[in-house]
Novice: 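Supplied in structure tokens, the structure appears directly below.
Here, residue 1 is the first one in the sequence, and each next residue gets the next number. Keep in mind that what you see is a predicted model, and the values were worked out from it rather than measured.
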Amino acid sequence: MKLLEYPLDELDLEFILEIQNRLKQHFGDRASIILLNSGMLERMVEDPNYVYHYDEAYWVERIKNNYESRQNTVS
């Protein structure tokens with residue numbers, strides 16, 4: 001299933017926006033792109049139970065750490 005075919009409801013959007021807003025504190029305007037490239041949204045489509053097993057703070061830290069790790073290996 002493609003992300004665009006996934007029927008996002010209000011709770012999904014609130015969850016995603018909270019993660020994005022917290023990422024903005026670390027990455028500013030790049031937060032949206034970092035979130036989109038993180039794979040978390042695809043994981044939400046594939047296995048929503050797994051995603052919702054963790055709270056927003058977990059996903060922010062995971063996305064932040066993975067992004068920073070990738071940046072350090074590219075540098």
Side-chain angles (χ1 to χ4, degrees):
M1 178 183 290
K2 294 180 183 177
L3 184 59
L4 294 175
E5 296 171 358
Y6 182 75
L8 296 174
D9 64 20
E10 186 176 338
L11 292 176
D12 293 329
L13 294 174
E14 286 179 20
F15 189 79
I16 292 166
L17 289 173
E18 179 63 25
I19 292 168
Q20 180 180 355
N21 287 335
R22 291 183 188 192
L23 287 171
K24 280 184 181 180
Q25 295 172 359
H26 299 285
F27 301 113
D29 293 337
R30 296 177 299 153
S32 297
I33 297 299
I34 292 168
L35 175 60
L36 288 172
N37 290 329
S38 72
M40 196 274 301
L41 299 176
E42 287 83 2
R43 175 67 63 103
M44 180 180 266
V45 170
E46 294 168 4
D47 192 357
N49 289 328
Y50 175 79
V51 171
Y52 282 113
H53 180 76
Y54 300 100
D55 66 5
E56 295 92 341
Y58 168 85
W59 287 108
V60 170
E61 281 304 308
R62 180 162 180 162
I63 293 167
K64 180 177 164 280
N65 290 339
N66 286 343
Y67 176 79
E68 290 173 347
S69 176
R70 285 193 310 256
Q71 294 303 306
N72 288 335
T73 58
V74 172
S75 302

Novice: Quick check for you: to the nearest 0.5 Å, what is the distance between Ile16 atom CD1 and Leu11 atom CG?
Specialist: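 Rounded to the nearest 0.5 Å, the CD1-CG separation comes to 11.0 Å.
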Novice: Identify the heavy atoms of Val51 and Met40 that sit nearest to each other, and give their distance.
Specialist: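 For Val51 and Met40, the tightest heavy-atom pair comes out as CG1-SD, 3.9 Å.
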Novice: Quick one: list whatever passes side-chain contact (heavy atoms from CB on, under 4.5 Å) with Leu13, sequence neighbours left out.
Specialist: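 With neighbours one apart ignored, the set is Leu8.
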Novice: Any sub-3.5 Å donor-acceptor pair from Asp12's side-chain atoms to Asp9's backbone N or O?
Specialist: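 Yes, because the side chain of Asp12 sits within donor-acceptor range (under 3.5 Å) of the backbone of Asp9.
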Novice: Work out which heavy atom in Trp59 is nearest to a heavy atom in Ile19; give both atom names and the distance.
Specialist: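 Heavy atoms of Trp59 and Ile19 come nearest at CB-CD1, 3.8 Å.
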Novice: Enumerate, atom names and distances included, each donor-acceptor pair closer than 3.5 Å involving a side-chain atom of residues 24-34, sequence neighbours excluded.
Specialist:
| residue | atom | partner | partner atom | Å |
| --- | --- | --- | --- | --- |
| Arg30 | NH1 | Tyr67 | OH | 3.2 |
| Ser32 | OG | Gln20 | NE2 | 2.5 |

Novice: Given 3.5 Å as the limit, does a donor-acceptor pair link the side chain of Ser69 with the main chain of Asn66, or not?
Specialist: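 It does not hold such a pair.
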Novice: Quick one: list whatever passes ring pair (Phe, Tyr, Trp, His ring centres under 6.0 Å) with Tyr54, sequence neighbours left out.
Specialist: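 Tyr50, Tyr58.
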Novice: How far does CG of Leu23 sit from CD of Glu18, to the nearest 0.5 angstrom?
Specialist: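 Nearest 0.5 Å value for the CG-CD distance: 10.0 Å.
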Novice: Can any side-chain N or O of Asp47 pair as donor or acceptor with the backbone N or O of Arg43 at less than 3.5 Å?
Specialist: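 Between the backbone of Arg43 and the side chain of Asp47 there is no qualifying donor-acceptor contact (under 3.5 Å).
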Novice: Rounded to the nearest 0.5 Å, what separation is found between the CG atom of Leu41 and the CG atom of Leu35?
Specialist: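 It comes to 4.5 Å.
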Novice: Among the clusters formed by ILVMFWY side chains lying less than 4.5 Å apart, do Leu17 and Tyr52 turn up in the same one?
Specialist: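 Unlinked, Leu17 and Tyr52 end up in two clusters.
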